[in-house]
Amino acid sequence: MRAFFALLLIIFSPILSAQVSATLDRYSLTASDTLNLTLEAADQIQQRPDLSPLQKDFRILGSQRVVVSSHSSATRDVSTRWHLQLRPLNTGTLTIPPLRLGNSLSEPLDVTVTGAVQSRPQADNLFMDSLISQDRVYSHAQLIYTARLFQRTPPAESLEFLPPSMPGALVVRLTDPRTFNTERGGETWYIREQTFALFPSETGLHTLLGAEIRSAGPAFSSPLPERFEIEVLPPAHQNTRGYWLPAEQVSLDENWDTASSLQPGESFVREITLTARGLPADALPSLFTQRHDDYFAQKEDVSLTETQTPQGLVSTRTERIRIEPLGPGALKLPAIDLSWWNTRHDQADTTTLPAREVNIEEPAPVIAATPAASPDIIDTQGFDFWPWLSLCLGVAFLGSSAGWLHSMRQLRQERNRHNEHNQLEAQRRAQKLLLSHQRAERNTFQALAIACQQNDGETARSRLIEWGQNFWPEQNIDSLEGLCEAAHSQTIDFLILDLEQHLHSSPFEWQGDLLLEAVEKLRLKRFRNAEQQLSDGSGPLSLAS
């Protein structure tokens, strides 16, 4: 019995101890063909396998490393694969010897090679060994990919990397190619390096196909592009304004050109700048709301900039807003709170621009001049003093009474003119605010129509909220729920629910024609009400109609 167990141990011990699997795409080929060898280890291994045993019978044409990640409800499994492209140097039955990957060896494999071989070329003198910042990334967040080519000889200046690719990902070139050398395995290697940023949008497990190499140099044999398995995670949360902002760092700044106190009728400019590290500029949300009862605000300019750095993309959004107060007193500009997802610490974060206050002075009152009564000089000698004094006092009383009545009439007329001026000014500002909302409503509706026609659900959701804010300015709409409450339409409720379900499960299958048709019906109903008011003579149209 002991001999039987010893025999089983001898037979199965190589299988039990082997932690690196080796497979071939074929086991019989000609000397002019190529052979693909795959090594796989159940761990994430950074170092390259020892390929020197292969150089006796094979030429290594290319190599690439792939990290495979799979998740279950409780665990995460990671494995490392190396794909090697070989060309035989000899004929007959060749043995692929055990290869070391990490701390383990693979099993030997036999392959049959027929035909005649050419003269023995040089050994492998270049390979790709690129880097990625992480193999798990949130949707629309930044992934850094650094393409690196190792070469024994200095690379040609014309050598360049083609951008990597990944399904549904925006690719941005961060740096220009650069060349430097390093010591590796006791030898000097030249490294050609370039960095890219990728912003994936489709969730799930995807393959990042590494950069290919293009060179105008003579007889350049490009290695195979590398492959990386990347898991794209869905958004971790959704804020009340309906945007998802995954970034490494976010900051808010402002700039004023006004004093702490203003005269009535004066306006000032507030400039707000949002800076985000790890996001493209077109992903940054709008910052300032144009709806407020105490002032009229209008965006004069919005500028977007992007700066490429080796550490990632740095984007800014600057909004220049002109603000005109609508009355005297303390004008309070509310604080701006921006919610975002901190990808460094993997948690929600908030950046705040504090509230500001500007004092608007009261208009100077208009005071009518009161005519002054000139006292009479009374000579008390030669006549009876008291009758004349009584007469003078009576004349003075009558004169002061007439002057007082005249002053009161002048003050009343001036007050009426001032009230009429204030009413006209209030009507002018209200009309200006109305026209501003009407113009903004037309612009946001056009943007919403384009998003619906292109079946772009993400953009349509943001544009729908912006349109609702201008269509119902008297209501505080900052989400799709607030828009449904303002619309009072079961059709709109159903279509918004359908939009949110598609964005959560299948965003590319959403169709925007029905939503656009429902919004057009709301606008048409308002236009008909406006025409009815004008025909009935019931007064000017307001946005609340």
Side-chain angles (χ1 to χ4, degrees), residues 6-68 79-130 149-153 184-185 187 189 207 209-210 212-213 219-229:
L7 180 61
L8 290 178
L9 183 61
I10 293 173
I11 295 175
F12 290 103
S13 59
I15 300 176
L16 295 175
S17 61
Q19 299 180 4
V20 178
S21 64
T23 56
L24 296 171
D25 65 337
R26 65 181 76 180
Y27 291 88
S28 178
L29 70 159
T30 65
S32 60
D33 292 334
T34 58
L35 182 68
N36 293 322
L37 170 64
T38 301
L39 302 176
E40 182 170 356
D43 198 0
Q44 186 168 352
I45 302 174
Q46 296 292 337
Q47 64 268 30
R48 287 173 56 84
D50 183 10
L51 304 180
S52 56
L54 289 172
Q55 297 179 0
K56 175 183 176 182
D57 294 321
F58 298 92
R59 180 190 177 192
I60 303 173
L61 300 179
S63 61
Q64 64 181 17
R65 182 175 69 96
V66 176
V67 177
V68 181
S79 61
T80 303
R81 292 178 187 169
W82 278 91
H83 298 284
L84 308 172
Q85 190 176 35
L86 311 176
R87 175 167 293 168
L89 300 176
N90 302 303
T91 59
T93 300
L94 305 181
T95 299
I96 295 178
L99 300 176
R100 181 173 296 279
L101 181 58
N103 297 324
S104 304
L105 291 173
S106 65
E107 298 178 5
L109 299 173
D110 292 334
V111 61
T112 303
V113 180
T114 59
V117 297
Q118 300 176 352
S119 59
R120 182 186 181 97
Q122 293 182 350
D124 181 28
N125 63 353
L126 78 165
F127 62 89
M128 293 287 295
D129 189 11
S130 302
L149 173 67
F150 285 73
Q151 198 168 348
R152 295 182 187 272
T153 58
R184 186 163 181 166
E187 297 179 316
W189 288 85
T207 299
L209 184 62
E212 296 185 15
I213 300 174
F220 179 79
S221 178
S222 175
L224 292 175
E226 299 169 289
R227 295 175 181 269
F228 301 89
E229 295 296 323

What heavy-atom pair brings [X] and [Y] nearest, and what distance separates the two atoms?
{"X": "V111", "Y": "S28", "result": "CG2-N, 4.2 Å"}
{"X": "P98", "Y": "L105", "result": "CB-CB, 4.4 Å"}
{"X": "S79", "Y": "A42", "result": "CB-CA, 4.2 Å"}
{"X": "M128", "Y": "E226", "result": "O-OE2, 3.4 Å"}
{"X": "S106", "Y": "P97", "result": "OG-O, 4.3 Å"}
{"X": "A41", "Y": "V20", "result": "CB-CG2, 4.2 Å"}

From [X] [atom1] over to [Y] [atom2], what is the distance, rounded to the nearest 0.5 angstrom?
{"X": "L94", "Y": "F58", "atom1": "CG", "atom2": "CZ", "value": "4.5 Å"}
{"X": "N36", "Y": "Q85", "atom1": "CG", "atom2": "CD", "value": "5.5 Å"}
{"X": "L99", "Y": "L39", "atom1": "CG", "atom2": "CG", "value": "5.5 Å"}
{"X": "D57", "Y": "T91", "atom1": "CG", "atom2": "OG1", "value": "10.0 Å"}
{"X": "L89", "Y": "K56", "atom1": "CG", "atom2": "NZ", "value": "11.5 Å"}
{"X": "L24", "Y": "I96", "atom1": "CG", "atom2": "CD1", "value": "4.0 Å"}

Those residues that, when tested against [X], pass side-chain hydrogen bond (donor to acceptor under 3.5 Å, both in side chains) (two or more places apart):
{"X": "T207", "answer": "E229"}
{"X": "T80", "answer": "none"}
{"X": "D110", "answer": "T95"}

task = Could you check whether the rings of F150 and F127 sit parallel, tilted or perpendicular, using 30° and 60° as the cut-offs?
result =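 Judged by the thresholds at 30° and 60°, the geometry between F150 and F127 is parallel.
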
Check: V113 and L35 side chains under 4.5 Å, non-hydrogen atoms =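 Not in contact.
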
